[in-house]
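Have a look at the structure below, then the notes.
Whatever order the structure lists them in is the order used to number ligands and atoms, beginning at 1.
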Amino acid sequence: MLEGKKIVLGVTGSIAAYKAALLVRLLVKEGAEVQVVMTPSAKEFITPLTLSTLSGRPVLCDFFNSGSGAWNSHVELGLWADAMIVAPATASTLGKMAGGVADNLLVTTYLSMKAPVFIAPAMDLDMYSHPSTVRNVEILKGFGNHVIEAAEGELASHLNGKGRMEEPHNIVARLKEFFSVGEDMKGMKILVTAGPTYEKIDPVRFVGNYSSGKMGFSIAEECASRGADVVLVSGPVSLDCKHPAIKRVDVESAREMYDAAMAEFPSCDAAVLSAAVADYRPAVQATEKMKRNSGAMTLELEANPDIAAALGKVKTGRQRLVGFALETCNGEENAIAKLEKKNLDFIVLNSLEDKGAGFGCDTNKVTILTREGKSEYPLKSKKEVAKDIVQRLFRLFVLFFLLLLPLQASADGEELKAVVSLNASKVQGTNSEVFKQLEEALDEFINNRKWTSNTYEEVERIDCNFSFVVNSYSNDGSFDCSLMVQSSRPIFGSSYSSTAFKYEDKSIKFSYQQFDRLEFIEENLDNNLTAVVAFYIYLIIGMDMDTMGELGGSEFLNRALNIANNSQNLGDAGWKAGSSNNNRYSIIDDYMNGAMEPIRKMMYKYHRLGLDTMFKDAAGGRKEITEGVALMKKAYEDRPLAYFTKLFTEYKVDEIVNIYSKCTSDEKKSVVETLSNINPSLSSEWDKITKNNNY
Ligand code: PMT
């Protein structure tokens with residue numbers, strides 16, 4: 001994560017300056033380039049020689065180099081750095097930074113700094129708690145600087161208290177955490193195959209190839225650095241991989257690789273198959289070393305399973321599959337044939353005709369081929385090539401989640417997988433045929449219609465329920481129905497699903513005669529039943545998209561809002577603006593109100609970042625959900641009467657109680673407080689969270 005990052009480390013005159021040596025070492029070990037800048041008084045505590053030796057760069061202290069007279073440009077440093085750390089930061093330096101007192105190179109560098117700044121104060125406890133220090137720290141925070149609070153412990157004064165500079169490894173952890181923010185692949189799980197396979201001939205010989213695993217390992221590391229969980233199934237290579245998010249599975253033969261890949265793929269969002277798998281293995285593997293004979297020898301080979309093709313067969317609509325093609329001639333033609341045969345989403349062609357491409361070397365030259373076209377890339381390091389491939393893969397998901405794919409002539413690619421029912425038991429004794437007809441007409445209307453211009457595959461359709469109950473009916477065709485509408489989305493990597501929306505509309509008044517067709521014209525709403533149903537459909541699609549990408553459902557939510565605005569004259573109380581805080585009009589009006597934007601962001605945090613992660617990493621997922629609850633709190637504070645906030649806590653109550661029954665007391669405290677404010681009528685449920693001591 002810090003690989004290649006350029007860090008300016010500012011060291012000031014504190015007894016804790018000795019820790020700067022360890023800090024430099026740790027940063028360099030992480031792959032960062034470190035430029036140390038010292039204040040004059042820092043030199044009293046640690047020598048520049050120590051820090052320049054560890055960082056591999058001359059330490060800067062003065063405005064001018066005393067030998068050459070050259071200017072040490074703080075402006076250039078400000079542009080060069082990816083981050084600046086001031087550690088230790090004395091009270092005096094904090095004051096100068098806060099007040100803009102630019103009397104040394106460190107402070108001028110700080111004032112010129114374009115990159116984020118981290119400050120780790122160190123001083124005696126009384127100095128640390130002095131109002132002047134407290135104020136300066138607050139000012140610096142207000143500038144957007146990241147203050148790494150001092151730790152408690154024994155101080156240079158032999159007093160005990162708060163003022164010790166945070167330990168260098170914790171500072172590095174904070175920095176890594178910072179650079180990992182925006183990990184756009186968080187919540188995703190990617191399978192990567194890498195390296196060669198060895199197919200045993202006898203105990204000392206094998207059929208293999210020259211793959212080093214470098215390409216596959218770079219892809220695995222790139223995915224992990226973007227926040228994904230990675231399963232790296234690797235053939236025999238001599239590479240290390242240290243990233244904690246990479247689970248490495250070592251295999252030797254193609255059949256072992258096949259077994260591992262098939263076992264892991266169902267829980268993954270995508271697979272990138274860069275391994276050079278042996279297509280054949282010896283038909284017989286000798287148990288003893290084979291002896292040399294005087295004549296020629298024939299080795300009978302049999303076919304190995306094709307891993308890519310097998311994954312292509314079981315791939316679901318939500319999964320993506322990327323293959324490689326290593327060619328020696330007719331590269332594009334062969335690659336396209338493999339793309340089709342193996343049911344890949346795209347294929348990465350590398351050719352041994354290109355110098356510096358393919359096996360073993362640190363570089364590669366690739367062409368990415370899809371069914372729509374190709375992109376050629378110049379010769380790059382395998383790390384850079386991995387970035388291109390992973391970015392390409394990620395784009396497929398963004399397009400998928402936000403459903404920006406253009407419609408590809410699929411006339412009957414409906415969006416919803418709705419269970420539609422109409423219960424007329426309250427009005428028995430009347431013409432039962434009309435109810436059956438209406439149920440069928442509603443089913444057809446909801447399920448067999450294109451509500452968006454996007455492509456939905458069967459597995460991508462949104463699960464939902466439309467359950468109508470007839471409250472009253474008369475033979476002239478006037479109906480009053482209630483409708484329970486609910487939608488759910490899958491939790492990726494699991495067989496569970498979670499409710500994304502649930503609401504009971506108590507009264508929908510409309511007219512329907514047997515054999516009527518259900519007409520719906522968005523620009524001319526004259527049928528209340530179809531206006532209401534279309535409204536809920538757009539709401540469901542929009543909310544589902546809000547769970548997939550932050551604010552991703554705006555287009556469809558705005559359509560729902562338009563229907564609500566344009567239905568004011570249809571004479572149905574559910575549409576009446578301002579008459580109720582919990583009718584269908586107010587739900588969409590609130591949800592799309594700017595003050596409620598945190599709620600929409602919460603939908604993404606809660607579902608995509610929270611629940612989807614939770615299946616693999618309970619604490620990580622819960623953290624995201626807690627942040628989602630904090631967003632809900634903000635929306636509640638800004639618009640306390642909005643009914644949707646309360647509604648959400650109602651249909652999520654069991655899920656939330658379940659999630660928070662196993663968590664830390666801090667987490668419990670924050671969510672229970674928020675939920676009890678938003679929905680006090682469920683206080684006995686929130687109490688269960690507090691009482692449960694499962695953590
Ligand atoms: O490991 P390096 O030294 O860094 O080298 C990288 C690489 C050259 C190995 C890599 O860039 C590469 O091209 N990998 C694929 C090599 C290969 O076997 O290509 P292929 O054209 O034979 O196979 C096509 C695709 O099917 C590949 O995704 C392959 O993983 C897959 N395959 C092939 C055979 C098989 N039995 N099962 C498979 O899954």
Check [Y] with [X], please: is the shortest side-chain N to carboxylate O separation under 4.0 Å?
X	Y	result
Glu624	Lys186	yes
Asp362	Lys214	yes
Lys5	Glu30	no
Glu415	Arg461	no
Glu166	Arg174	no

Tell me: protein heavy atom nearest atom 26 (O) of ligand 1, and distance?
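Ranking protein heavy atoms by distance from atom 26 (O) of ligand 1, first comes Lys342 NZ, 3.0 Å.
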
Closest non-hydrogen protein atom to atom 2 (P) of ligand 1, residue and atom name please, with distance?
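Going atom by atom, the protein heavy atom closest to atom 2 (P) of ligand 1 ends up being Ser212 OG, 3.4 Å.
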
Check each of [options] against [atom] and report the one with the nearest heavy atom.
atom	options	answer
atom 22 (O) of ligand 1	Arg255, Met215, Lys338	Lys338
atom 34 (C) of ligand 1	Asn364, Asp306, Asp279	Asp279
atom 29 (C) of ligand 1	Ala275, Ala308, Gly323, Cys361	Ala275

Counting each atom of ligand 1 from 1 as listed, which ones have a heavy atom of [X] under 4.0 Å away?
X	result
Val277	18 (O), 34 (C), 35 (C), 36 (N), 37 (N), 38 (C)
Lys214	1 (O), 2 (P), 4 (O)
Gly213	1 (O), 2 (P), 3 (O)
Lys382	2 (P), 3 (O), 4 (O), 5 (O)
Leu273	27 (C), 28 (O), 30 (O)

Please assess Arg255 against Glu199 for the test salt bridge (charged side-chain N to carboxylate O under 4.0 Å, His left out), listing each intermediate value before the final yes or no.
CA-CA 9 Å; Arg255 279 183 296 180; Glu199 311 297 327; 5.8 Å; no

Looking only at heavy atoms, which two atoms of Gly552 and Asp546 are closest? And how far apart?
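That would be N-OD1, 3.2 Å.
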
Heavy-atom pair of closest approach, residues Leu339 and Thr370
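Shortest heavy-atom separation between Leu339 and Thr370 comes out as CD2-C, 4.0 Å.
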
Does NZ in Lys383 sit with more than 12 non-hydrogen atoms of other residues, nucleotides or ligands closer than 6.0 Å?
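Open.
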
Taking the non-hydrogen atoms of [X], is any one of them nearer than 4.0 angstrom to ligand 1?
X	answer
Pro305	yes
Ser274	yes
Gly216	no
Asn350	yes

Hey, could you give me each pair passing side chain to side chain donor-acceptor pair (under 3.5 Å) that has a residue in residues 280-296? Not counting sequence neighbours.
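Only Arg281-Glu302, Arg281-Asn304 qualify under side chain to side chain donor-acceptor pair (under 3.5 Å).
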
Is any N or O atom of [X], backbone or side chain, closer than 3.5 Å to an N or O atom of ligand 1?
X	result
Ala278	no
Thr193	no
Ala325	no

Measure the acute angle between the ring planes of Phe206 and Tyr198, then classify it against the limits of 30° and 60° as parallel, tilted or perpendicular.
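Taking Tyr198 first and then Phe206, their aromatic rings lie parallel (interplane angle under 30°).
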
